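Worksheet for the structure shown next.
As the structure is a computational prediction, the values presented were derived from the model and not from experiment. Within every chain, numbering begins at 1; the chains are lettered A, B, ... in the order of the sequence lines, protein sequences first and strands thereafter.
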Amino acid sequence: MTSLASKQNSFVGKIKETNLPTKWIAPKKPPFREDILQDKISKEKTLNHHRQQLLDRYEKEKLKNTFKKQLCVEMLKDGYHKSFRELDFILKLQIQDRYRVGSEHPVWDRPLLDNEHEKLEYLCNKLTDAESSERTNEFKKVYINYSDLANYFLLKDDPWLSDYFFEKCLNIVQDKSHNLDDQFLAEAHSNLGLAHERQTTDYTAKSEKVRESYLNAMEHFQECYNLSNGKDWFFLNRSKAFTKNQVENLHKIRYQYAEDHLKNLESPTIFVDACIHLQRIFRIIADRYSPIAQEKIDLLTKAYQVCKSSFIGSLEGHASFLLGDAYTENKDLDTALACYKNYFDISKRDKDEENFGIASEAIAKCHEKMGQIDKSIEYLEKYLKDAKKMDKQFSRACNCLANIYNAMGKYEQAAAYSKKAFDNSRQLNLNDQLENNRVLVGLAKAHANLKYFNMNVEIASRKTITNILTWKYEPELEEVLKDVQDDQKIE
Amino acid sequence: MTTARDTVYPLAFPKGTKFLCELCQKPATKICERCRVTYYCDNEHQHTDWFGIHEKICQSLVPLRISLPFLPSEEERRKRNDDLRNKKLQLIEYTRSIAQRYLFEGDYQRAIPGAMTSLKFVIELFGIKSVDLVPSYLILGEASQGLGNLSQAQEYLSQAEWTVTKSPDCPLPILSKLYRNIAMLQISKGDFDQALRNLANDIYYASEEFGTESFQVSGGYFLIANIFFKQGKMDVADSLYRQVVNMWHSHLEQVVGKKTEISELDTILGKKDDDEKDSESLDTERSNELASEAEAKKVLYSIYEIRRNETSQDIAELTKIEHCLCMVHFLSKEYDKVRNYSDLLESKSDLDEIIKANLTLIENDKDYISNTLDLLNEIEYESSMNLMDKCKYYGYVTELEFETSNLTGR
């Protein structure tokens with residue numbers, strides 16, 4: 001027991017002195033993760049700072065300068081003074097252009113070229129390329145560079161700049177001392193013509209300006225047409241400078257105003273291209289800017305000749321049709337008829353159903369105007385025989401016949417043809433024609449029934465009144481109205 | 001000769017006043033006899049200063065440096081201060097343009113005093129950190145470069161550059177001039193790469209200020225062309241030289257056109273001949289013109305030499321330069337040289353008899369000669385350029401004859 005107690009005593013009484021420190025020290029804080037990171041980062045920073053080389057004077061300048069100034073200095077350093085002046089001129093031109101269109105125009109809100117680094121760099125590169133090839137008298141390369149620029153800005157939707165470069169292209173080719181092929185001249189004319197045509201869509205342009213643009217476009221396309229007539233030149237291959245997608249877009253822009261069926265031509269020659277555009281411009285000018293009939297006919301005749309030389313059947317036919325229209329307006333029906341017949345033949349040759357229908361309709365109308373109704377009916381019925389029943393054109397022909405019969409007073413036949421037209425369009429689900437045809441049917445029937453209705457009203461016996469009433473209840477029972485006459489005769 | 005009048009004794013001055021040499025800032029022992037406000041350390045410095053600038057501004061310095069009586073009214077004092085300030089500003093411009101002109105003429109020793117004087121006045125007016133110091137520094141730099149003291153030039157230029165970097169809104173013409181001078185120094189050191197960079201900067205600033213087609217830009221182009229010429233890149237140099245000549249040609253034609261127009265008017269309204277007076281008076285515009293004429297001469301002559309030594313000469317370009325030279329000499333009133341060049345031009349054309357006859361007819365009227373010569377140059381130039389058909393030529397000649405008959409009739 002005692003031994004145990006003494007043991008306890010010794011435990012209680014004694015304090016371990018040896019392990020206690022003489023001076024109290026705060027325990028070390030475990031370092032936070034963030035602190036370690038911070039430390040590392042700052043160390044890294046100082047290391048990097050030491051590792052960095054001192055900047056050259058010109059490198060410093062590069063950081064300080066604006067992008068435009070840096071580009072200019074780089075160009076001038078290599079002696080490209082023409083490019084520098086060109087660039088300066090273009091930047092001023094843009095500001096002028098902005099002020100011309102005014103602050104209402106959507107272009108106003110777009111950044112200036114100074115701030116569009118990608119475009120500016122491309123512009124500078126191409127300009128310097130052009131200048132260096134100009135120095136070595138390789139004007140073909142100069143031309144290619146400028147036309148690349150023009151196309152590039154066309155894609156980037158900067159039409160003012162692309163027009164400027166297209167004009168520059170033409171100037172280069174026109175300089176006789178440069179000895180460039182006529183092929184480039186034709187191409188430049190064609191491009192510039194299109195540029196002028198594009199200017200007409202700018203809604204800020206005044207009507208006088210638009211007319212001028214069309215006339216300019218016509219001149220350029222005529223030049224192109226004359227130059228390329230009889231030659232099988234092709235346009236320059238753009239696939240080097242542009243991606244496939246961009247080339248497609250360019251093609252789209254090129255034929256944006258062309259007729260729908262011409263939009264997907266596979267690499268047309270310069271001549272065909274010129275034909276497509278030239279006839280369109282002729283038509284537009286004839287349509288809008290030639291109040292005198294003879295002038296209009298002259299223009300359309302020119303358009304027809306252009307179309308004829310292009311060997312595109314649809315174009316030729318259409319031009320001939322328009323020419324016929326112009327003659328009809330001018331009351332020169334014989335010539336008009338000849339034109340329509342030409343159209344008829346062409347579409348027959350090409351087996352173009354739709355145009356064939358239009359042609360026969362036109363001929364019929366023309367005959368009608370000349371008073372030869374028999375002939376016109378003959379033409380139409382000839383067509384109706386040939387035409388397939390499921391054609392859009394079918395209903396038009398029917399309508400036309402119906403109209404003629406209407407005018408002749410043969411209302412029942414008219415009603416029958418209108419019904420045919422109506423049924424046709426109902427089958428084909430042509431909603432736009434459906435309403436129209438419905439009304440026409442109604443009209444023809446009304447005309448047909450008017451006579452009998454009047455009779456019924458005039459007689460005014462008990463039977464006739466019931467006749468009218470039954471008809472009113474059920475408009476389908478047209479036959480009831482016709483009954484009157486027989487009864488009256490018996491009485 | 002040492003007389004009592006131009007010697008001063010530093011110890012004899014009142015206490016606290018010190019007079020220093022105008023050029024080197026040492027204690028002065030000489031005084032200018034005429035104005036009695038300018039001091040020099042020895043005869044040599046006085047001599048240099050006299051021929052450099054003092055001759056022209058001696059009397060204008062008097063009101064600036066003489067101690068002025070106290071004016072009781074505040075308004076009068078302010079007015080006088082403004083007056084002095086304006087005079088100083090004028091003097092700065094004038095001395096600078098004089099120095100500039102000597103520089104263009106290659107007389108570097110004479111350019112230094114003018115620049116020093118302008119520097120002194122600028123410090124007086126604007127303080128030591130002002131951007132207005134830079135043009136003077138530039139002239140000094142160029143002059144010392146011309147004298148072959150490259151390290152001195154470097155010092156002046158770096159001082160100018162430092163001043164420019166300290167003030168961010170420095171006017172563009174000064175910047176352009178600075179870069180051009182630095183580039184010139186680097187060219188003489190043979191450091192072409194950096195010189196090209198500086199020149200590019202110069203052209204950029206100059207065309208921002210004056211427009212890309214202005215003749216003020218042509219200096220930069222000329223220097224770049226020289227560098228490419230030295231490096232053997234002949235095609236680049238060629239196109240740049242052409243550009244320089246074009247710029248000068250259009251500028252000179254404009255100036256000459258203006259001059260001849262006025263003189264025609266003068267013949268009707270009465271004579272006005274203030275040419276002699278002009279060159280001496282404090283007219284800064286006139287001295288700017290003189291400076292640009294001197295530059296034109298220098299540039300055009302060196303291009304002319306290069307063109308003449310080419311193996312395949314471009315006749316059209318040569319005639320263009322000759323025409324330019326003709327106009328420059330006409331502007332600086334060296335009529336015999338004009339005659340030389342017009343003869344040279346004439347020899348290139350076939351149809352010279354009639355014009356010569358016209359010339360002798362009206363020899364006595366000086367104003368008219370210049371006018372005709374000018375017209376004649378135009379005719380000669382254009383005919384040698386094959387631009388003019390016969391009709392147009394006869395049109396000119398009949399016009400000439402008509403005018404001469406008018407004159408003789410009067």
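- Between A:C169 and A:F184 the shortest side-chain heavy-atom distance does not fall below 4.5 Å.
- Among B:I227, B:L199, B:N198, B:V217, the residue with the largest count of heavy-atom pairs under 4.5 Å with chain A is B:N198.
- Between A:H220 and A:L170, the closest side-chain pair of non-hydrogen atoms falls below 4.5 Å.
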Would B:E155 and B:Q159 satisfy side chain to side chain donor-acceptor pair (under 3.5 Å), going step by step from the backbone distance to the final call? CA-CA 6 Å; B:E155 200 173 302; B:Q159 204 146 10; over 6 Å; no
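- Looking at B:Y204, the atoms closer than 4.5 Å to chain A (heavy atoms on both sides) sit in the backbone and in the side chain alike.
- Shortest non-hydrogen contact noted between A:K156 and A:R110 is O-NH2, 3.8 Å.
- Ranking A:E131, A:K68, A:M75 against chain B, the residue ahead of the rest is A:K68, based on heavy-atom pairs under 4.5 Å.
- A side-chain donor-acceptor contact under 3.5 Å links B:T165 to the backbone of B:E161.
- Annotation: the span from B:S136 atom OG to B:L119 atom CG amounts to 5.0 Å, rounded to 0.5 Å.
- Heavy atoms closer than 4.5 Å to chain B are found in the side chain of A:E74, but not in its backbone.
- Both the backbone and the side chain of B:Q194 come within contact range of chain A, judged by heavy atoms closer than 4.5 Å.
- Atom CD1 of B:I128 has 12 or fewer neighbouring heavy atoms from other residues, nucleotides or ligands inside a 6.0 Å radius.
- By a heavy-atom distance cut of under 4.5 Å, not one residue of residues 117-127 of chain A is near chain B.
- Note on B:T212, B:D235, B:I224: by heavy-atom pairs under 4.5 Å with chain A, the leading option is B:T212.
- If you look at A:W160 and A:F165, their ring centroids are not closer than 6.0 Å.
- With respect to chain A, the highest number of heavy-atom pairs below 4.5 Å among B:E213, B:K233, B:Q243 belongs to B:Q243.
- In this structure, chain A has no heavy atom under 4.5 Å from any part of B:F192.
- For NZ of A:K140, the number of neighbouring non-hydrogen atoms (other residues, nucleotides, ligands) closer than 6.0 Å is 12 at most.
- With a 4.5 angstrom heavy-atom cutoff, B:D238 does not touch chain A via any of its atoms.
- Here the side chains of A:F166 and A:Y146 are not in contact, with every heavy-atom distance at 4.5 Å or above.
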